[in-house]
Engineer: 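I'd like to ask you about the structure that follows.
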Amino acid sequence: MKKIALIFLFIVSSLFAKEDYSEMSTQELIAIIGYVKDANKDSFIKELNSRISTMTEDERNLYKETIEKLDQNEK
């Protein structure tokens, strides 16, 4: 429950702030996929793509699952 509350607070706070995605952890970036403002998407995608090669197996699986869920919701 604490993890969900922490992620929720992070998402809400990130929606109102100008983002420097390089300061965020990979898990944080994955958690906000789909919640990034259009004005920030280019820098977000650039930062996330730069980390794909260094992701752990768990992070890579979470990333793939999150992208799949996002794609399913858009259909």
Engineer: Might you confirm whether atom CG of D42 has over 12 heavy atoms from other residues, nucleotides or ligands at distances under 6.0 Å?
Structural biologist: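 It does not: D42 CG has 12 such atoms or fewer within range.
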Engineer: Would you give the length of the straight line joining atom CD of E57 to atom CG of N61, rounded to the nearest 0.5 angstrom?
Structural biologist: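 Reported to 0.5 Å precision, the distance equals 5.0 Å.
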Engineer: Between the side chains of E47 and R51, is the shortest nitrogen-to-carboxylate-oxygen separation below 4.0 Å, so that they form an ion pair?
Structural biologist: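 Judged by the 4.0 Å cut-off on N to carboxylate O distance, R51 and E47 do form a salt bridge.
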Engineer: How many angstroms lie between OG in S53 and CZ in R60, if you round to the nearest 0.5 Å?
Structural biologist: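 Here the rounded value is 8.0 Å.
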Engineer: Between atom OH of Y21 and atom CG of N40, what is the distance when rounded to the nearest 0.5 Å?
Structural biologist: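 Here the rounded value is 4.0 Å.
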Engineer: Should I67 and K64 count as side-chain neighbours, where that means a heavy-atom distance under 4.5 Å?
Structural biologist: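 No - every pair of side-chain heavy atoms lies 4.5 Å or more apart.
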Engineer: State the OG1-CD1 distance between T66 and I33, to the nearest 0.5 angstrom.
Structural biologist: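 T66 OG1 to I33 CD1: 5.0 Å, rounded to 0.5 Å.
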Engineer: Does some side-chain heavy atom of I32 sit less than 4.5 Å from a side-chain heavy atom of M24?
Structural biologist: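 They are in contact (side-chain heavy atoms under 4.5 Å apart), so the answer is yes.
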Engineer: Just verifying a value: how many Å separate S43 OG and L48 CG, rounded to the nearest 0.5 Å?
Structural biologist: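 Between S43 OG and L48 CG, I get 11.0 Å after rounding to 0.5 Å.
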Engineer: To the nearest 0.5 angstrom, please state how far the CG atom of L29 sits from the CZ atom of F44.
Structural biologist: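 Going from the CG atom of L29 to the CZ atom of F44 covers 5.5 Å.
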Engineer: Hey, is the main chain of T56 close enough, under 3.5 Å, to the side chain of E59 for a donor-acceptor pair?
Structural biologist: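 Confirmed, E59 side chain pairs with T56 backbone.
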